[in-house]
Protein chains: 2
Amino acid sequence: MSKPPSREETARKVHSTALHLMRYVRAQDIALGVPPARLSALSVIVFGGKTSLSDLAKAEQVRPPTMSRIIDALVRDGLVKRETDKKDRRSVIITATEKGTRIMHQGRSRREKRLLDLLQPLRREEIDLLDRASEILSKELRTGTH
Amino acid sequence: MSKPPSREETARKVHSTALHLMRYVRAQDIALGVPPARLSALSVIVFGGKTSLSDLAKAEQVRPPTMSRIIDALVRDGLVKRETDKKDRRSVIITATEKGTRIMHQGRSRREKRLLDLLQPLRREEIDLLDRASEILSKELRTGTH
DNA sequence: GTTGCATAGTTAGCATAGCTAATGATTAGC
DNA sequence: GCTAATCATTAGCTATGCTAACTATGCAAC
């Protein structure tokens with residue numbers, strides 16, 4: 001049927017697809033009323049459990065002052081709470097409130113539903129192929145230089 | 001070997017992989033010294049040819065005032081130029097300058113090189129699989145409701 | 001051709017989110 | 001106990017998103 005794709009072509013396709021996919025799922029988040037940076041941080045807090053502010057900053061690849069201000073807003077809106085670490089009183093421990101947890105679960109299920117809708121018309125073999133492709137890429141992203 | 005993945009699992013994997021992949025390639029862009037929104041707009045201008053401001057706004061999924069200001073910055077930095085459309089004098093046509101084109105090509109080759117490095121250890125069959133997976137997803141993203 | 005509506009773009013003003021530099025508080029090393 | 005390192009915050013800048021209000025132009029109806 002078709003000739004084997006060059007690595008360059010495949011790289012371009014993969015990049016373009018990932019870009020459009022992210023755009024597609026992120027559109028769902030607007031309904032939650034929590035802006036993107038805050039939602040992303042909240043996700044780490046809810047699903048990753050309690051962490052320090054600096055660990056959060058690392059996870060989100062932003063600088064501590066940026067994360068500090070994001071936490072300000074999340075605290076103000078009652079989605080997380082700040083506590084000073086008993087072991088190291090310089091450190092701040094961030095925990096999700098019940099409200100924060102609830103909103104995050106809503107968000108996740110909205111996004112998953114959206115993606116499932118996208119995958120709905122696909123056949124068993126195609127789902128299987130997407131699954132293996134994700135595995136391959138994830139593995140390289142974990143082991144590569146970055 | 002392994003039992004067939006549920007659609008839910010696959011959806012989660014695909015989402016997570018796309019997210020990490022975008023993070024991986026975007027890191028390259030910092031070296032260009034052009035902030036993300038401007039770079040993305042410049043990409044549409046360089047590779048998509050001359051367009052009006054409102055078409056650009058649609059392509060980038062932002063409102064016209066946002067695009068207007070992005071263009072302000074790109075013009076100020078000599079990367080694009082504004083011209084009024086002769087046919088419809090309300091309309092503004094945006095074109096890339098030589099400098100803008102040069103920088104964008106640099107950016108593209110940096111990102112492609114980065115992705116090629118990632119795909120480098122993969123075998124022929126794995127590349128082929130990624131290629132087909134991208135095709136499948138792209139097709140759904142094009143034909144789906146969004 | 002003028003009246004009136006629609007469309008393209010800009011301006012003004014606000015919120016969000018990124019950064020560096022500088023500061024305060026606490027801990028760790030010696 | 002002093003010094004250096006670490007964690008978080010504050011201040012102040014840039015960038016990027018939005019809506020509302022405005023200007024200028026085009027188009028349609030009469």
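In what follows, chains carry the letters A, B, and so on, assigned in the order in which the sequence lines appear, proteins first and then strands, with residues in each chain numbered from 1. These numbers were taken from a predicted model, which means no experiment stands behind them. Keep in mind that the numbers below use all heavy atoms, side chains included, and drop hydrogens, waters and symmetry copies.
For A:Arg76 and C:dA17, the CZ to C1' distance is 13 Å, given to the nearest whole Å. We find that CE of A:Met67 is positioned 11 Å from C1' of C:dA17, with the value rounded to whole Å. For the pair A:Ile93 CD1 and D:dC7 P, the computed distance is 12 Å after rounding to whole Å. Whole-Å rounding puts the B:Glu60 CD to D:dA15 C1' distance at 15 Å. Distance B:Ile30 CD1 to D:dA15 P: 15 Å, rounded to the nearest Å. Rounded to a whole Å, the CG atom of A:Leu56 is 16 Å from the C1' atom of D:dT9. Distance CD1 (B:Ile71) to P (C:dA8): 16 Å, rounded to an integer number of Å. Rounding to whole angstrom units, CD of residue B:Glu83 and C1' of C:dA8 are separated by 17 Å.
Residues B:Arg90 and B:Asp88 are paired through a salt bridge, judged by an N-O separation under 4.0 Å between the basic side chain and the carboxylate. Salt-bridge check for A:Asp72 with A:Arg82: passed, with a basic side-chain N closer than 4.0 Å to an acidic carboxylate O.
At C:dG9, one or more side-chain N or O atoms of B:Ser54 fall inside 4.0 Å of OP1 or OP2 (strictly under the cut-off). Dashed line: the shortest gap from a side-chain N or O of B:Ser91 to OP1 or OP2 of C:dG9 is under 4.0 Å. Residue A:Ser68 places at least one side-chain N or O under 4.0 Å from the OP1 or OP2 atom of D:dT9.
For the pair A:Pro36 and B:Lys58, nearest-nucleotide mapping onto DNA chain C gives the more 5' position to B:Lys58.
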- Encode nucleotides 18-30 of chain C as B, S and - characters from 5' to 3', where the letter depends on protein heavy atoms closer than 4.0 Å: B to the base, S only to sugar-phosphate, - to neither. BBBB---BBS---
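Under a hydrophobic clustering in which Ile, Leu, Val, Met, Phe, Trp and Tyr are joined whenever their side-chain heavy atoms come within less than 4.5 Å, directly or via other members, A:Ile93 and A:Met67 fall into different clusters.
Residues A:Leu137 and B:Leu118 form a side-chain contact, since some pair of their non-hydrogen atoms from C-beta on lies under 4.5 Å apart. The side-chain heavy atoms of B:Pro36 and B:Arg26, taken from C-beta on, include no pair separated by under 4.5 Å. Using a 4.5 Å heavy-atom threshold, the side chains of B:Leu115 and B:Arg111 count as separate.
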- Carefully, step by step, assess A:Thr17 and B:Ser138 under the rule side chain to side chain donor-acceptor pair (under 3.5 Å). CA-CA 6 Å; A:Thr17 304; B:Ser138 294; 2.9 Å; yes
